[in-house]
Amino acid sequence: QVQLVESGGGLVQAGGSLRLSCTASGRTFSRYAMGWFRLAPGNEREFVAAISPSGDITYYVDSVKGRFTISRDNAKNTGHLQLNSLKPEDTAVYYCAATLTSGNYYYTSMSAYNYWGQGTQVTVSS
């Protein structure tokens with residue numbers, strides 16, 4: 001069982017930056033693939049970024065490529081999502097997710113993830 005807790009959300013002006021963190025419980029964090037998703041009002045939850053258990057493979061949705069960076073520190077059981085050059089359309093609740101994997105894979109589908117955090121609000125003003 002893994003519990004995930006996000007932090008780092010807030011209110012920022014367009015063009016600004018935020019760093020989201022996702023802290024996981026448990027001692028096998030390095031065996032879990034991680035992902036970030038977001039839910040904006042009126043929209044469905046969408047994939048944002050994913051990272052393999054070792055951290056060397058990452059993948060992003062096109063709309064955030066070059067602006068967001070996903071990373072992880074397995075020694076600290078923590079994942080991060082650095083949000084730069086934020087736009088009002090990035091406003092959403094951001095969720096981290098994790099799933100145990102047998103290999104060094106990443107996943108973009110919500111259904112692939114077994115564990116979810118409670119979400120952290122990111123609001124970007126214009």
Exercise for review: Verify side chain to side chain contact (heavy atoms under 4.5 Å, CB included) between Arg38 and Phe47, making sure each step is shown before the conclusion.
Suggested key: CA-CA 7 Å; Arg38 65 186 179 185; Phe47 166 79; over 6 Å; no
**Study point:** Side-chain donor or acceptor of Ser52 paired with backbone N/O of Ile57 under 3.5 Å
**Key:** yes
Check your understanding: How far apart are the closest heavy atoms of Leu4 and Ala24, and which atoms are they?
Key -> CD2-CB, 3.6 Å
Review point. What closest approach, in Å, do Trp36 and Cys22 show between heavy atoms, and which atom pair accounts for it?
Key: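 That would be CZ2-CB, 3.7 Å.
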Check your understanding: Going only through I, L, V, M, F, W and Y residues with side-chain contacts under 4.5 Å, is there a path from Tyr115 to Tyr94?
Key -> no
Going by atom types alone, do [X] and [Y] pair a side-chain donor with an acceptor below 3.5 Å?
{"X": "Tyr95", "Y": "Thr120", "value": "no"}
{"X": "Asn114", "Y": "Thr99", "value": "yes"}
{"X": "Glu89", "Y": "Thr91", "value": "no"}

Exercise for review: Assess Lys65 against Tyr59: is NZ or CZ under 6.0 Å from the centre of the six-membered ring, and within 45 degrees of the ring's axis?
Suggested key: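 Yes, Lys65 sits over the ring of Tyr59.
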**Study point:** Ring-face cation of Arg72 near Phe29 (centre distance under 6.0 Å, axis angle within 45°)
**Key:**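 Because its charged atom sits under 6.0 Å from the ring centre and within 45° of the axis, Arg72 does stack over Phe29.
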Exercise for review: May I have the step-by-step check of side chain to side chain contact (heavy atoms under 4.5 Å, CB included) for Val2 and Tyr32, ending in yes or no?
Suggested key: CA-CA 10 Å; Val2 173; Tyr32 286 76; 3.3 Å; yes
Check your understanding: Looking at Lys87 and Asp90, does any basic side-chain N land under 4.0 Å from a carboxylate oxygen?
Key ->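 Salt bridge flag = no for Asp90 with Lys87.
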**Study point:** Ser21/His80 under side chain to side chain donor-acceptor pair (under 3.5 Å): CA gap, chis, key distance, verdict
**Key:** CA-CA 4 Å; Ser21 296; His80 300 284; 3.0 Å; yes
Point to revise | side chain to side chain contact (heavy atoms under 4.5 Å, CB included) evaluation trace for Gln82 with Ser71 | key: CA-CA 8 Å; Gln82 178 70 39; Ser71 63; over 6 Å; no
